[in-house]
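So the structure is just underneath, and the comments pick up after that.
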Amino acid sequence: MIKLFRTTRYNLMGNNRTGKYLKYAFGEIFLVMIGILLALQVSNWNQDKSIKKQLKNYKTKRYK
């Protein structure tokens, strides 16, 4: 997959297609940003799940 991106980038730069290269570059940046945001969302979801589990354990231990 990385080889495909690399060859596409080299072909666009080598043929003086600056406009298409810029579109490609912005698209790649956009995809990276989406990946980072998804990773952060999953991390927050896991952290919230862990906190809820800890609160549930504290509540059950407190009343015993």
When the side chains of residues 24-43 are checked against the rest of the protein, which donor-acceptor pairs come out under 3.5 Å, sequence neighbours left out?
| residue | atom | partner | partner atom | Å |
| --- | --- | --- | --- | --- |
| Tyr24 | OH | Phe5 | O | 3.1 |
| Tyr24 | OH | Glu28 | OE1 | 2.9 |

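Listed by chain and number, the residues in a side chain to side chain contact (heavy atoms under 4.5 Å, CB included) with Lys20 are Leu12, Arg17 (sequence neighbours excluded).
Residue Ile51 belongs to a hydrophobic cluster whose other members are Leu55, with links defined by side-chain heavy atoms closer than 4.5 Å.
Looking only at distances, no side-chain donor or acceptor of Ser50 sits under 3.5 Å from a matching main-chain atom of Asn46.
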